Amino acid sequence: MSDCSNDTTTLDASKPATEEVKSNSEESMMAQESPKNSAAEIPVTSNGEVDDSHEHGFNRDLKRSLPAGLGLSETQITSHGFDSTKEGVIEAGTLQGGQKTQTNSGPVILADEIKNPAMEKLELVRKWSLNTYKCTRQIISEKLGRGSRTVDLELEAQIDVLRDNKKKYENILRLAQTLSTQLFQMVHTQRQLGDAFADLSLKSLELHEEFGYNADTQKLLAKNGETLLGAINFFIASVSTLVNKTIEDTLLTVKQYESARIEYDAYRTDLEELNLGPRDANTLPKIEQSQHLFQAHKEKYDKMRNDVSIKLKLLEENKVKVLHNQLVLFHNAIAAYFAGNQKQLEQTLKQFHIKLKTPGMDASSWLEEQ
């Protein structure tokens with residue numbers, strides 16, 4: 001009996017060890033067969049809160065393993081049950097002042113203050129192309145007689161007179177320059193002829209007086225010719241300034257006015273075509289935009305027309321004043337020269353404050369001019 005009791009005691013003492021080994025083996029088998037049990041275990045702290053130290057540690061390891069080129073300041077993995085059909089979702093955010101801000105997916109919208117210079121240039125090119133197309137279409141329509149054009153009869157008549165006068169003044173300038181060149185050659189020849197007569201007067205005793213008279217006459221003619229040449233050159237310079245600067249500046253404004261007129265008619269025609277079409281939700285915004293553009297070009301056209309009218313009036317006053325003085329100078333100088341009135345010729349130049357260069361005098365150096 002004692003032996004049996006001892007055996008029974010020995011078996012009872014070894015039973016817990018056997019059960020412990022069996023439980024450990026069963027737990028390892030369960031862990032291998034159903035990994036979701038270990039995944040579903042959530043450690044809880046003493047105060048009842050979820051212990052997320054394992055999750056932070058896993059996130060920290062994941063950040064270390066990610067390449068540096070990804071540029072993620074924080075990565076968080078939200079895990080779901082393994083039996084779920086959803087996959088793991090990685091949420092990325094940026095840290096700002098120690099707080100994470102989520103970035104929503106979708107198209108990126110730039111702020112108004114951030115503008116791309118390339119896009120601005122592209123927009124300018126697009127507007128210029130559209131404006132050029134409309135103006136070219138208007139010009140072709142006018143030349144073919146299909147399009148209508150705005151005409152200011154009074155202003156157009158003044159512009160035509162100005163252009164015609166410019167051609168006539170340019171012709172006067174060419175003739176005056178030719179006269180100046182020919183007079184310069186004649187004066188140069190007279191001066192040389194006077195020197196030749198003076199030389200012969202000294203070498204030919206029997207013809208001393210005759211050669212002397214001719215030498216004095218040619219030198220006097222050369223001197224008067226130089227005076228007349230100064231008056232003619234002054235006339236040429238004044239008329240050239242009037243034609244090539246004053247009138248040309250006015251004609252430049254006229255060209256700008258004509259360009260504004262073409263743009264005005266182009267956008268006017270565009271607006272008329274839109275008004276003739278149907279009015280619906282699609283066409284009304286286009287009509288409003290066309291009306292706005294038409295109004296802007298109308299204001300520009302009115303401004304340019306007013307500028308041309310003012311410049312034409314000022315040009316007429318300036319032209320009359322300049323040409324009056326220059327024509328009086330030209331007439332008095334020519335009359336006095338061919339009448340042989342040297343005093344009257346010199347008085348004419350003094351009246352118009354014309355200074356003549358001394359014959360044979362070299363031009364002043366740039367130091368003297370400074």
Side-chain angles (χ1 to χ4, degrees), residues 162 164-201 209-251 313-370:
L162 175 62
D164 185 63
N165 287 337
K166 183 175 183 290
K167 293 180 180 179
K168 294 178 178 179
Y169 296 155
E170 289 174 345
N171 185 42
I172 290 176
L173 275 176
R174 285 193 296 267
L175 295 175
Q177 290 171 351
T178 302
L179 178 61
S180 175
T181 302
Q182 294 173 350
L183 181 61
F184 174 79
Q185 294 175 352
M186 186 181 72
V187 169
H188 182 67
T189 303
Q190 287 175 340
R191 188 182 297 111
Q192 289 181 338
L193 186 59
D195 293 339
F197 283 146
D199 183 63
L200 290 173
S201 174
E209 294 182 358
E210 290 79 359
F211 280 123
Y213 294 151
N214 283 278
D216 293 340
T217 302
Q218 294 299 322
K219 289 181 179 180
L220 180 61
L221 290 174
K223 181 180 179 181
N224 293 339
E226 290 174 353
T227 305
L228 177 62
L229 188 62
I232 293 176
N233 289 335
F234 185 77
F235 170 81
I236 292 173
S238 300
V239 177
S240 177
T241 301
L242 175 66
V243 174
N244 297 324
K245 292 185 178 180
T246 308
I247 295 180
E248 190 64 30
D249 179 70
T250 304
L251 289 178
K313 183 179 180 180
L314 295 176
L315 175 63
E316 187 66 22
E317 296 175 356
N318 188 27
K319 182 191 70 175
V320 171
K321 181 180 179 180
V322 170
L323 289 180
H324 171 75
N325 294 334
Q326 296 304 318
L327 290 173
V328 170
L329 165 67
F330 192 83
H331 172 268
N332 293 342
I334 292 291
Y337 172 79
F338 284 99
N341 192 342
Q342 182 180 357
K343 292 182 179 180
Q344 181 65 30
L345 185 59
E346 292 177 354
Q347 186 65 29
T348 300
L349 266 68
K350 291 180 181 180
Q351 180 182 355
F352 290 90
H353 307 285
I354 301 174
K355 295 182 180 181
L356 298 178
K357 293 182 180 180
T358 304
M361 182 178 179
D362 297 334
S364 59
S365 63
W366 65 274
L367 289 174
E368 295 175 349
E369 292 177 355
Q370 295 294 329

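A quick note: this is a predicted structure, and the numbers were derived from the prediction, not measured.
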Quick one: CG on Leu193 to OG1 on Thr217, what's the gap to the nearest 0.5 Å?
10.0 Å
Donor-acceptor contact present, side-chain Asn233 to main-chain Leu229, <3.5 Å:
yes
Any chance you could measure Gln218, atom CD, to Asp195, atom CG, to the nearest 0.5 Å?
10.5 Å
Is there side-chain contact between Lys223 and Val187, with at least one heavy-atom pair below 4.5 Å?
no
Looking at Glu209, I want to see if its CD is surrounded by more than 12 non-hydrogen atoms of other residues, nucleotides or ligands under 6.0 Å.
no
Check whether any side-chain heavy atom of Val328 lies under 4.5 Å from a side-chain heavy atom of Phe352, and answer yes or no.
yes
Of all the heavy-atom pairs spanning Ser180 and Ile232, show the shortest one and how long it is.
CB-CG2, 4.1 Å
Here the pair of heavy atoms bringing Leu345 nearest to Ala336 is N-CB, 3.6 Å
Do you know the tightest heavy-atom contact between Gln190 and Ala222?
OE1-N, 3.5 Å
Are the side chains of Asn341 and Lys343 in touch, meaning some heavy atoms are under 4.5 Å apart?
yes
Measure the shortest side-chain to side-chain distance between Phe234 and Leu349 over non-hydrogen atoms and say whether it is less than 4.5 angstrom.
no
Hey, is CD on Gln347 packed in by over 12 heavy atoms from elsewhere, all under 6.0 Å?
no
Is the shortest side-chain N to carboxylate O distance from Lys313 to Glu316 below 4.0 Å?
no
Correct closest heavy-atom pair for Gly194 and Lys219 would be O-CE, 4.0 Å
Could you check whether Glu346 and Gln342, counting side-chain N and O atoms only, form a donor-acceptor pair closer than 3.5 Å?
yes
Do the side chains of Asp164 and Lys168 get close enough for a salt bridge, i.e. N-O under 4.0 angstrom?
yes
So for atom CZ, which belongs to Phe211, do other residues, nucleotides or ligands contribute more than 12 heavy atoms lying within a distance under 6.0 Å?
yes
Are Tyr169 and Lys319 close enough, and set up right, to give a side chain to side chain contact (heavy atoms under 4.5 Å, CB included), and what steps lead you there?
CA-CA 11 Å; Tyr169 296 155; Lys319 182 191 70 175; 3.3 Å; yes
Is there side-chain contact between Leu329 and Ile354, with heavy atoms separated by less than 4.5 Å?
yes
Flag, side chain of Asn171 to backbone of Lys167, donor-acceptor distance under 3.5 Å
no
Between Asn318 and Leu314, is any pair of side-chain heavy atoms under 4.5 Å apart?
no
When every non-hydrogen atom of Gln326 is compared with those of Phe235, the smallest separation belongs to OE1-CA, 3.3 Å
Would you call Lys166 and Glu170 a salt bridge, taking side-chain N to carboxylate O under 4.0 Å as the test?
yes
What distance do Glu248 atom CD and Leu242 atom CG have between them, rounded to the nearest 0.5 Å?
11.5 Å
Between atom CD1 of Ile247 and atom OG1 of Thr241, what is the distance when rounded to the nearest 0.5 Å?
11.0 Å
Considering non-hydrogen atoms only, spot the tightest contact between Ala198 and Ala215 and give its length.
N-CB, 3.6 Å
Arg174 backbone acceptor or donor facing Thr178 side chain under 3.5 Å
yes
Please round to the nearest 0.5 Å and tell me the distance separating atom OH of Tyr337 and atom CG of Leu221.
5.5 Å
